[in-house]
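This structure is a prediction, so every number in the text was calculated from the model and none was measured. Letters A, B, ... mirror the listed sequences (proteins, then strands); counts begin at 1.
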Number of protein chains: 2
Amino acid sequence: MRTLKYAILGLLKRKPRTGYDIAKEFKAELGNFWRARHSQIYPELKRLLEEGLIEYEIEIAGETMEKKVYNLKPAGEKDLIDWLNTDEEMVPTAKDKFRLRMYFASNIKRERLIELLNSQLKQRQDKLAMLEAKMDEQDRDPEFGSKEFGDFLVLESAILREQAYVEWLERSIRRCYIAK
Amino acid sequence: MRTLKYAILGLLKRKPRTGYDIAKEFKAELGNFWRARHSQIYPELKRLLEEGLIEYEIEIAGETMEKKVYNLKPAGEKDLIDWLNTDEEMVPTAKDKFRLRMYFASNIKRERLIELLNSQLKQRQDKLAMLEAKMDEQDRDPEFGSKEFGDFLVLESAILREQAYVEWLERSIRRCYIAK
DNA sequence: AAGTTCATGTAATTGGTTACATGATTTC
DNA sequence: GAAATCATGTAACCAATTACATGAACTT
């Protein structure tokens with residue numbers, strides 16, 4: 001599938017970056033839907049280099065520190081565009097350990113279950129608040145074809161996802177109280 | 001992490017099953033949040049057996065066909081209950097290839113992007129309709145501590161998730177039309 | 001001077017998919 | 001008789017995490 005490959009190509013299409021920069025992106029908005037650690041990124045960059053999809057230039061930071069600034073080669077750009085234009089089937093399962101646990105909720109004591117749900121609720125609410133704060137800084141009417149357009153789509157997606165999660169947790173807590 | 005381990009223990013807590021039965025569960029409602037193929041299930045069962053968490057009895061189906069019907073041993077049940085009661089941090093990323101692609105939407109032509117969004121929308125709407133049909137068959141007021149309680153929680157969760165996805169896709173399609 | 005962030009890599013292990021392999025049972 | 005489903009396993013490979021390893025640059 002090589003999804004990480006395309007995530008990296010896409011980021012490099014936006015602008016040249018180091019492996020470190022790529023890792024940082026996965027900790028930002030993009031990290032809501034894809035993530036990789038540096039231990040996966042550096043080998044993938046090496047492979048993309050060997051495949052002739054990307055190239056790099058050395059930049060010196062400070063006195064001696066060498067940074068490898070990667071950017072797309074034409075073959076890499078073509079590969080990316082082809083992938084972006086493919087109409088794939090929806091992925092059947094986004095795994096979720098907490099919801100798996102809730103499937104077996106009947107084995108948890110009522111008070112404890114409410115605690116667990118509240119703990120998740122708190123975390124999800126915080127996440128949602130953070131995303132909404134980001135949305136406030138965002139261009140609300142991004143131009144088609146601008147990178148802000150993609151930023152907007154994924155941010156809105158993340159917000160809607162978290163809202164649904166919060167709604168579910170709230171309903172579940174209520175249900176814990178009212179259930180026989 | 002061994003999440004599959006607990007998914008299996010949880011299923012066996014509900015009732016004794018074969019590996020084949022477990023695989024079937026991952027194709028049903030539970031499959032919305034966790035999934036494993038038989039090639040992962042059988043080795044895991046073997047391991048749980050070695051660890052003394054489960055045991056099995058041979059059942060004969062038809063003339064000669066042997067089924068291994070697994071069930072929980074006390075140690076397995078204890079292990080499961082401990083896991084169910086742990087308050088874990090929320091998982092930071094549920095990977096989504098399509099949303100990753102949309103992050104790079106600026107590299108897709110408008111008409112094609114609308115096609116891709118509509119394709120996903122169709123699939124998600126179908127999925128949602130299927131889930132809602134299941135909800136109609138479901139006990140709307142499950143008793144606390146019954147297995148129906150867990151069934152209800154995850155089904156509602158799946159529905160809310162799909163609704164949010166559909167809402168996002170619809171908004172995104174509209175935005176494609178109105179964006180400069 | 002100490003702590004954090006920048007910066008790049010490799011090794012070992014775990015988790016998960018795809019493919020290989022076989023055969024009985026049920027349904028049409 | 002053919003096709004679908006039931007039933008159990010292994011092997012090879014790919015994806016991802018955790019841990020190991022190092023050192024420069026910046027901030028306090």
Worksheet item: Glu63(B) has an atom CD; how far is it from atom P of dA7(D), in whole Å?
Response: 15 Å
Worksheet entry | Met65(A) CE to dG9(C) C1', straight-line distance once rounded to whole Å | 14 Å
Fill in: Short side-chain N/O contact to dT18(D) OP1/OP2 from Arg37(A), under 4.0 Å
yes
Practice prompt. Assign each of Gly62(A) and Leu4(A) to its nearest nucleotide of DNA chain D by heavy atoms, then name whichever residue's nucleotide is nearer the 5' end.
Written response: Leu4(A)
Discussion item. Looking only at the side chains, is there a donor atom on one of Lys147(A) and Asn107(B) sitting less than 3.5 Å from an acceptor on the other?
Written reply: no
Worksheet item: Can you get from Val69(A) to Ile22(A) by hopping between Ile, Leu, Val, Met, Phe, Trp and Tyr side chains that sit under 4.5 Å apart?
Response: no
Discussion item. Heavy atoms from C-beta onward define the side chain here; which of dT10(C), dG9(D), dG15(C) lies closest to that of Lys46(A)?
Written reply: dT10(C)
Worksheet item: Which one, dT17(C), dA7(C), dT10(D), comes nearest to the side chain of Tyr42(A)?
Response: dA7(C)
Practice prompt. Under 4.0 Å between any heavy atoms, over every strand shown, what does Arg35(A) touch: base, sugar-phosphate, or nothing? Just pick one.
Written response: nothing
Worksheet item: Ignoring hydrogens and angles, does a donor from either the side chain of Ser39(B) or the base of dT18(C) sit under 3.5 Å from an acceptor on the other?
Response: yes
Item to complete: For Ile58(B) and dG9(D), give me the distance from atom CD1 to atom C1', rounded to whole Å.
Response: 13 Å
Worksheet item: Do any side-chain nitrogens or oxygens of Lys95(A) fall under 4.0 Å of OP1 or OP2 in dG16(C)?
Response: yes
Discussion item. How many whole angstroms separate atom CZ of Phe26(B) from atom P of dG15(C)?
Written reply: 14 Å
Practice prompt. Answer with yes or no whether the side chains of Tyr103(B) and Arg14(A) bring together a donor and an acceptor at under 3.5 Å.
Written response: yes
Discussion item. Using a 6.0 Å distance limit plus a 45 degree cone around the ring axis, check whether Arg99(A) lies over the aromatic ring of Tyr165(A).
Written reply: yes
Item to complete: To the nearest Å, give me how far apart NZ (Lys24(A)) and C1' (dC6(C)) are.
Response: 8 Å
Worksheet item: Base, sugar-phosphate, or nothing: which does Ala61(A) touch, judged by heavy atoms less than 4.0 Å apart?
Response: sugar-phosphate
Worksheet item: Heavy atoms under 4.0 Å, any strand shown: does Lys5(A) hit a base, just sugar-phosphate, or nothing?
Response: nothing
Fill in: Side chain of Tyr70(B) (C-beta onward), nearest among dA7(D), dG9(D), dT17(D)
dG9(D)
Worksheet item: Are any of Thr64(B)'s side-chain N or O atoms less than 4.0 Å away from OP1 or OP2 of dT25(C)?
Response: yes
Fill in: Candidate list Ile54(B), Leu53(B), Leu48(B), test side chain to side chain contact (heavy atoms under 4.5 Å, CB included), partner Leu72(B), passing option
Ile54(B)
Worksheet item: To the nearest Å, how far apart are Arg2(B) CZ and dG15(C) C1'?
Response: 11 Å
Worksheet item: In whole angstrom, what separates His38(A)'s NE2 from dG23(D)'s P?
Response: 15 Å
Worksheet item: Are Met102(A) and Leu131(B) joined in one hydrophobic group, where the rule is that I, L, V, M, F, W and Y side chains link up if heavy atoms are under 4.5 Å apart?
Response: no
Worksheet item: Roughly, in whole Å, what's the span from NZ in Lys68(A) to P in dA24(D)?
Response: 17 Å
Worksheet item: Which nucleotide sits closest to the side chain of Gln40(A): dT17(D), dT8(D), dA7(C)?
Response: dT17(D)
Worksheet item: Between dT5(D), dA25(D), dG16(C), which nucleotide gets closest to the side-chain atoms of Tyr20(B)?
Response: dT5(D)
